[in-house]
2 protein chains.
Amino acid sequence: MFWGGRAGGGYIRCRHRLGSMALTREQLIDTAVGVLSEFGLADLSMRRLARELNVQVGALYWHVKSKQELLVDVAAKLLGSVPRPATPTAGAIPLAIASLLQQLRTALITVPDSAEVIQLAQSMRPDALAPLGWLMDFLELAGIPPHEVPYARHLLLNHLLGSIAAHQEFQALAGGPETDSAPDELGQEAFEYGIRVILQGLAMEHPANAA
Amino acid sequence: MFWGGRAGGGYIRCRHRLGSMALTREQLIDTAVGVLSEFGLADLSMRRLARELNVQVGALYWHVKSKQELLVDVAAKLLGSVPRPATPTAGAIPLAIASLLQQLRTALITVPDSAEVIQLAQSMRPDALAPLGWLMDFLELAGIPPHEVPYARHLLLNHLLGSIAAHQEFQALAGGPETDSAPDELGQEAFEYGIRVILQGLAMEHPANAA
DNA sequence: ACCTGAACACCGTTCAAGT
DNA sequence: ACCTGAACACCGTTCAAGT
């Protein structure tokens with residue numbers, strides 16, 4: 001959620017821009033990813049970004065149209081590390097789906113409020129997040145009727161984002177990002193359980209596909 | 001999402017408080033539900049509520065500790081119309097789950113941003129939303145191993161809230177709350193599809209239960 | 001082309017002081 | 001007990017004017 005303590009102070013180590021050379025859109029996005037990763041969405045304000053980059057707030061609006069547009073780019077960058085999987089053979093589709101989702105989870109789980117950012121981006125520009133398109137491709141490949149593919153994708157996506165959000169909430173209450181070993185585990189188990197259940201359900205609903 | 005156009009103007013027909021008698025917490029909650037229902041979460045500010053109630057902002061903080069606490073009560077009120085279902089017989093558990101979820105959807109689908117409000121409430125005070133507890137009871141009754149019951153509940157809840165949010169987004173883009181007939185339908189179909197898939201998947205994962 | 005300075009119209013929360 | 005008035009520390013966005 002976007003609520004919760006305004007953590008306030010705390011600067012990012014590197015200023016991301018020194019002296020004289022012009023600010024770039026890339027720098028702006030990278031700084032936004034940095035602030036999000038370290039302090040969360042509540043601290044990710046345009047004014048905070050301007051401070052971090054040693055510019056006035058207005059300057060940011062020469063590079064992006066709005067905060068929302070910036071967040072779409074932030075979301076895309078968060079998923080940028082997930083590699084495009086090879087097209088799976090017919091029998092291996094459920095496995096390919098599961099491993100894509102696992103990669104998405106890994107990319108997002110350490111970034112606070114990442115689920116919300118992805119959801120916003122997804123609702124603003126459904127095409128901006130390539131990996132979510134791959135998911136649809138896989139479901140089509142599995143032989144799910146075209147008009148139900150979006151339903152199935154939503155089901156998987158809601159589970160992914162929901163279980164990331166739940167895990168981060170839980171961690172927040174437990175205080176800090178889990179200093180001791182076995183940091184994830186419970187969230188990971190819940191995540192895998194859901195994937196298993198949904199894939200099994202899909203296999204029953206669409207007897208044509210492989211599972 | 002909490003973003004989107006600040007709709008701005010537009011007052012609620014009845015002032016909810018006239019003249020001299022003291023403001024009550026109930027009035028505050030009801031007004032909040034009213035503003036949410038008509039204008040959405042972006043317009044639901046403490047200052048707006050104060051205006052609507054003809055009080056100064058500070059007055060609200062005598063009745064509630066914070067905006068978040070108020071929103072928990074708003075969430076509870078939104079689900080207040082859902083009646084406690086009778087305990088189902090063993091064979092009818094999946095049906096009871098499906099119909100409870102349908103009732104929850106019906107209670108929330110017309111209220112903008114209701115999914116976010118429920119999610120916030122659920123994360124702040126997991127016990128405040130009784131109907132979500134009933135869901136867990138049903139899953140236990142279905143013979144799901146205790147430590148997996150929360151996983152299954154999350155799965156269903158994420159689908160419910162996710163499909164409500166998706167439906168409202170879609171409607172927002174389509175302009176206004178669908179003036180012509182057949183207003184829901186698509187969202188309803190996606191919703192039922194997901195329920196079916198999840199329940200089938202649960203039945204496979206836990207052969208003991210009935211489906 | 002790129003940025004500053006300043007404004008506009010907002011936020012949530014607190015708290016001394018009034019009744 | 002219940003509320004006002006005023007402040008504190010913020011927001012996102014716009015835009016004339018500077019370089």
Side-chain angles (χ1 to χ4, degrees), chain A residues 1-11 15-29 31-32 35-36 39-74 113 117 120 124, chain B residues 1-11 15-29 31-32 35-36 39-74 113 117 120 124:
Chain A
M1 277 278 120
F2 57 103
W3 317 87
R6 320 203 164 229
Y11 269 75
R15 224 177 255 73
H16 284 111
R17 197 191 74 115
L18 341 143
S20 48
M21 65 293 217
L23 177 63
T24 68
R25 195 184 223 259
E26 274 304 309
Q27 274 168 38
L28 180 45
I29 296 166
T31 308
V35 172
L36 181 68
F39 306 98
L41 200 48
D43 278 2
L44 184 48
S45 68
M46 295 304 269
R47 299 181 117 97
R48 168 70 182 263
L49 289 172
R51 225 152 58 222
E52 211 87 42
L53 289 159
N54 300 121
V55 263
Q56 301 296 316
V57 225
L60 306 184
Y61 287 86
W62 198 92
H63 297 274
V64 293
K65 190 178 133 294
S66 67
K67 185 181 177 181
Q68 298 189 41
E69 195 197 73
L70 172 59
L71 286 177
V72 171
D73 286 356
V74 167
D113 307 310
V117 177
L120 170 73
M124 290 230 336
Chain B
M1 276 276 120
F2 58 102
W3 319 86
R6 320 201 164 229
Y11 269 76
R15 223 176 258 73
H16 285 112
R17 197 191 73 116
L18 341 144
S20 48
M21 66 293 216
L23 177 64
T24 68
R25 194 184 224 258
E26 274 304 308
Q27 275 168 40
L28 179 45
I29 296 166
T31 306
V35 172
L36 180 68
F39 306 98
L41 200 49
D43 278 3
L44 184 47
S45 68
M46 295 304 268
R47 298 180 117 98
R48 168 71 182 264
L49 290 173
R51 225 151 58 222
E52 211 88 41
L53 289 160
N54 301 120
V55 266
Q56 302 297 315
V57 224
L60 305 184
Y61 288 86
W62 198 90
H63 297 276
V64 293
K65 190 178 131 294
S66 68
K67 185 182 177 182
Q68 297 191 41
E69 193 197 76
L70 172 59
L71 285 178
V72 172
D73 285 357
V74 167
D113 307 310
V117 177
L120 169 74
M124 290 232 334

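By convention in this document, chain letters (A, B, ...) are assigned in the order of the sequence lines, proteins followed by strands, and residues within each chain are numbered from 1.
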- Query: Considering residues at least two apart in sequence or located in another chain, which fulfil the side-chain contact (heavy atoms from CB on, under 4.5 Å) criterion with B:Arg25?
  - Reply: B:Ile29, B:Val64, B:Glu69, B:Asp73
- Message: Rounded to whole Å, how long is the line connecting atom CZ of B:Arg48 with atom P of C:dC11?
- Response: 9 Å
- What string of B, S and - do you get for nucleotides 13-19 of chain C 5' to 3' if you count protein non-hydrogen atoms under 4.0 Å? BBB----
- Note on the structure: Here the distance between atom P of D:dT4 and atom CG of B:Leu60, to the nearest Å, is 9 Å
- Below 4.0 Å: OP1/OP2 of C:dC3 and any side-chain N or O of A:Gln56: no
- Picking from D:dC11, C:dA1, C:dC11, which would you name as closest to the side chain of B:Ser45? C:dC11
- Message: I need the CZ-C1' distance between B:Arg51 and C:dA9, as an integer number of Å.
- Response: 11 Å
- Query: CD of A:Gln27 versus C1' of C:dC3: gap in Å, rounded?
  - Reply: 14 Å
- Message: D:dA1, OP1 or OP2 - any side-chain N/O from B:His63 closer than 4.0 Å?
- Response: no
- Message: I'd like the C1' distance from D:dC2 over to C:dA16, given in whole Å.
- Response: 15 Å
- Query: Counting a pair only when it is Watson-Crick or G-U and both distances are under 3.5 Å, which runs of at least 3 such pairs involve DNA chain D?
  - Reply: C:4-8 with D:12-16, C:12-16 with D:4-8
- Query: Which heavy atom of B:Ala22 sits nearest a heavy atom of B:Gln27, and at what distance?
  - Reply: O-NE2, 4.1 Å
- Task: Search all heavy atoms of A:Ala32 against all heavy atoms of A:Val74 and return the closest pair with its distance.
- Result: CB-CG2, 3.6 Å
- Message: When you compare the side chain of B:Asp113 with that of B:Leu44, does any pair of heavy atoms fall below 4.5 Å?
- Response: no
- Message: For a quick test of reading the model, state the closest non-hydrogen atom pair linking B:Leu41 to B:Val117 and the distance between them.
- Response: CD1-CG2, 4.1 Å
- Message: What is the distance, to the nearest angstrom, from the CG atom on B:Leu44 to the P atom on C:dC10?
- Response: 16 Å
- Here the distance between atom P of C:dC11 and atom CG of B:Leu49, to the nearest Å, is 10 Å
- Query: Quantified in whole Å, what is the P atom distance between nucleotide C:dA9 and nucleotide D:dC10?
  - Reply: 22 Å
- Note on the structure: Rounded to whole Å, the CG-P distance (A:Leu41 to D:dC11) equals 13 Å
- Task: Would you indicate whether the side-chain heavy atoms of B:Leu70 and B:Leu60 approach each other to under 4.5 Å?
- Result: no
- Task: Return the value, rounded to whole Å, for the distance between atom CG of A:Leu28 and atom C1' of C:dC3.
- Result: 14 Å
